[in-house]
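One structure is given here, and the rest of the page talks about it.
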Amino acid sequence: MKIEEHKVGSPKSVDEPVGKRDNSKIYFFIIAIAALLATNIYFYVKFKSSGEKLYTVTLQKENLQTEIDRIEAELDNLKAQNVVPTEELNAAEQDARGKIEELRKGLEKGEVSDKDVEAAKQDVARLKDQVAKIKDEITGLRIKNELLAETNSQLKEEVNSSNNKVEALNSERRNLNDKISKASNLKVSNIHIAGVELKKSGDVELETKAKRIDKMQINFTLADNPLAAVGKKDIYVRIINPKGNLIADSEDLFYVHGEKLQYTFKESINFSNNGQEYQMTWSDEGHKFQKGAYTVLLYADNAIMGRSSIVLK
């Protein structure tokens with residue numbers, strides 16, 4: 001009886017389907033891991049880029065804020081200068097400050113895009129140019145003011161110098177006039193005081209006894225003076241009694257070198273400037289003459305002409 005041989009397959013051929021399944025699983029895990037890594041890398045790069053972008057925007061905002069602060073400080077500094085600005089400069093300054101306020105509000109927003117930052121940069125650049133123009137104009141005004149002040153100072157010095165010269169000339173003129181006035185003052189060349197008694201017959205006799213004297217007679221001669229003007233002259237007489245008191249009314253006043261003086265009586269004469277002798281008489285109405293010395297002082301043209309005395313017994 002022939003026995004048929006039955007070939008049994010080798011172990012390798014039997015395990016082949018299982019190996020294929022294992023390989024498929026390995027490939028699947030590799031692909032999954034790769035996809036996960038790719039996803040992680042994508043999100044890492046994305047978030048890193050976003051973080052860097054946020055940092056960059058924040059830094060730009062800070063720089064812009066610093067620049068705006070600097071521009072505002074420069075505006076304040078320009079304002080502090082003692083320069084009177086024109087209406088155009090005032091308008092430009094108000095416009096610049098308005099832009100600064102707008103930029104601050106824009107930068108204070110919670111979210112600022114690249115577009116916002118770029119627009120803000122352009123606004124800041126324009127603002128810097130505007131402030132620079134304002135600064136140049138104010139500097140120009142300051143220079144003009146300084147030049148005007150210097151010119152005014154020079155003019156004041158010239159005016160003061162001219163005023164000083166005029167004052168010096170006026171002073172010299174006044175001194176000269178004073179000298180001429182003093183030189184032109186009338187002076188008594190001879191003066192004589194006498195007491196006179198009026199007789200019932202109408203005659204006049206000289207008398208030295210006080211109780212008999214009715215009037216005091218004043219005779220004087222004026223010295224020739226080529227600088228004195230001829231014509232009418234008011235002669236003021238001051239008489240001091242033996243007790244040393246001036247005989248005068250409080251309302252009878254005249255001036256001597258700007259000072260008010262009381263006078264006893266006054267009389268007008270016609271000065272001819274030819275050595276003429278003049279005579280005046282005076283009586284102390286209501287009073288008798290006293291024993292003692294009477295002093296008589298004569299004045300004309302606000303100056304004293306001469307003086308003399310008489311002693312009554």
Side-chain angles (χ1 to χ4, degrees), residues 174-313:
R174 287 193 296 269
N175 291 334
L176 182 60
N177 289 338
D178 289 341
K179 291 179 181 179
I180 293 175
S181 178
K182 290 177 180 178
S184 64
N185 288 338
L186 298 179
K187 297 295 181 183
V188 173
S189 60
N190 184 32
I191 182 171
H192 177 71
I193 311 296
V196 295
E197 180 184 6
L198 301 178
K199 297 293 185 178
K200 293 182 180 180
S201 61
D203 295 335
V204 176
E205 291 184 1
L206 297 179
E207 181 61 65
T208 58
K209 291 185 178 181
K211 63 180 181 179
R212 295 181 180 177
I213 294 176
D214 296 310
K215 289 187 177 182
M216 184 179 292
Q217 190 177 80
I218 305 168
N219 298 301
F220 61 93
T221 303
L222 296 178
D224 293 345
N225 188 342
L227 296 178
V230 297
K232 183 179 178 181
K233 298 287 184 180
D234 288 331
I235 307 299
Y236 294 89
V237 183
R238 284 162 56 90
I239 299 176
I240 300 173
N241 64 22
K243 293 182 179 180
N245 297 323
L246 174 68
I247 303 173
D249 292 331
S250 59
E251 296 179 355
D252 295 335
L253 300 171
F254 74 111
Y255 287 89
V256 175
H257 302 303
E259 182 182 357
K260 285 183 180 181
L261 294 179
Q262 293 177 313
Y263 63 88
T264 306
F265 75 98
K266 74 173 182 176
E267 190 171 317
S268 295
I269 65 171
N270 187 25
F271 176 63
S272 59
N273 206 8
N274 59 1
Q276 183 178 350
E277 185 178 11
Y278 301 90
Q279 183 183 90
M280 295 186 297
T281 59
W282 170 78
S283 62
D284 192 2
E285 296 180 1
H287 298 87
K288 290 289 185 178
F289 284 94
Q290 305 170 18
K291 293 182 179 181
Y294 281 82
T295 301
V296 177
L297 299 96
L298 303 181
Y299 296 83
D301 295 332
N302 297 325
I304 189 169
M305 293 193 304
R307 62 188 297 164
S308 184
S309 297
I310 183 174
V311 178
L312 302 182
K313 298 177 182 178

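As a basis for the values below, the full set of heavy atoms in this structure was taken, side chains included, without hydrogen atoms, waters or symmetry mates.
Annotation: side chain of I247 is not in contact with side chain of H287 (no heavy-atom distance under 4.5 Å). Looking at heavy atoms from C-beta onward, N225 lies out of side-chain contact with K187 at the 4.5 angstrom threshold. In this structure the side chain of K291 never reaches within 4.5 angstrom of the side chain of L312, judged on heavy atoms. At least one side-chain heavy atom of I304 sits under 4.5 Å from a side-chain heavy atom of L297. D284 has its side chain out of reach of I239: every pair of non-hydrogen atoms, C-beta onward, lies at least 4.5 Å apart. By the 4.5 Å heavy-atom criterion applied to side chains, S272 and V230 are not counted as neighbours. Taking 4.5 Å as the limit, some side-chain heavy atom of Y294 sits within range of a side-chain heavy atom of M216. The shortest distance between side-chain heavy atoms of E267 and V237 does not fall below 4.5 Å.
Here the straight-line distance linking atom CZ of F289 with atom CG of D214 works out to 8.0 Å at 0.5 Å rounding. Interatomic distance, NZ of K232 versus CG of N270, reported as 10.0 Å (0.5 Å rounding). The NZ atom of K313 sits 13.0 Å away from the NZ atom of K211 when rounded to the nearest 0.5 Å. With values rounded to the nearest 0.5 angstrom, K266 atom NZ is found 8.5 Å from D252 atom CG. Here the CG-CG distance, from D224 to N274, works out to 7.0 Å after rounding to the nearest 0.5 Å. For the atom pair N302 CG and E259 CD, the distance stands at 11.5 Å (nearest 0.5 Å).
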V196 and I213: CA distance, side-chain angles, deciding distance, side-chain contact (heavy atoms from CB on, under 4.5 Å) verdict: CA-CA 5 Å; V196 295; I213 294 176; 5.7 Å; no

Q279/Q217 under side-chain contact (heavy atoms from CB on, under 4.5 Å): CA gap, chis, key distance, verdict: CA-CA 7 Å; Q279 183 183 90; Q217 190 177 80; 3.4 Å; yes

Check against side-chain contact (heavy atoms from CB on, under 4.5 Å), L298 and M280: CA-CA 11 Å; L298 303 181; M280 295 186 297; 4.3 Å; yes

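Side-chain N or O atoms of S189 include one that pairs as donor or acceptor with a backbone N or O of T221 at under 3.5 Å. Counting only distance, with no hydrogens or angles, the side chain of D301 and the backbone of A303 share no donor-acceptor pair below 3.5 Å.
Listed here is the closest heavy atom pair of S250 and Q262: CA-NE2, 2.9 Å. Of all heavy-atom pairs between M305 and L186, the closest is CG-O, 3.3 Å. The shortest heavy-atom contact between S309 and T295 is OG-OG1, 3.5 Å.
Listed by chain and number, the residues in a ring-ring contact (aromatic ring centres under 6.0 Å, His included) with F271 amount to none (sequence neighbours excluded).
The one candidate from I269, I191, N273 that meets the side-chain contact (heavy atoms from CB on, under 4.5 Å) condition with L222 is I269. In summary, of the residues considered (F254, F265, Y255), a ring-ring contact (aromatic ring centres under 6.0 Å, His included) with Y236 occurs for F254 alone.
Under the 6.0 Å cut-off for aromatic ring centres, Y263 and Y299 do not qualify, their centroids lying 6.0 Å or more apart.
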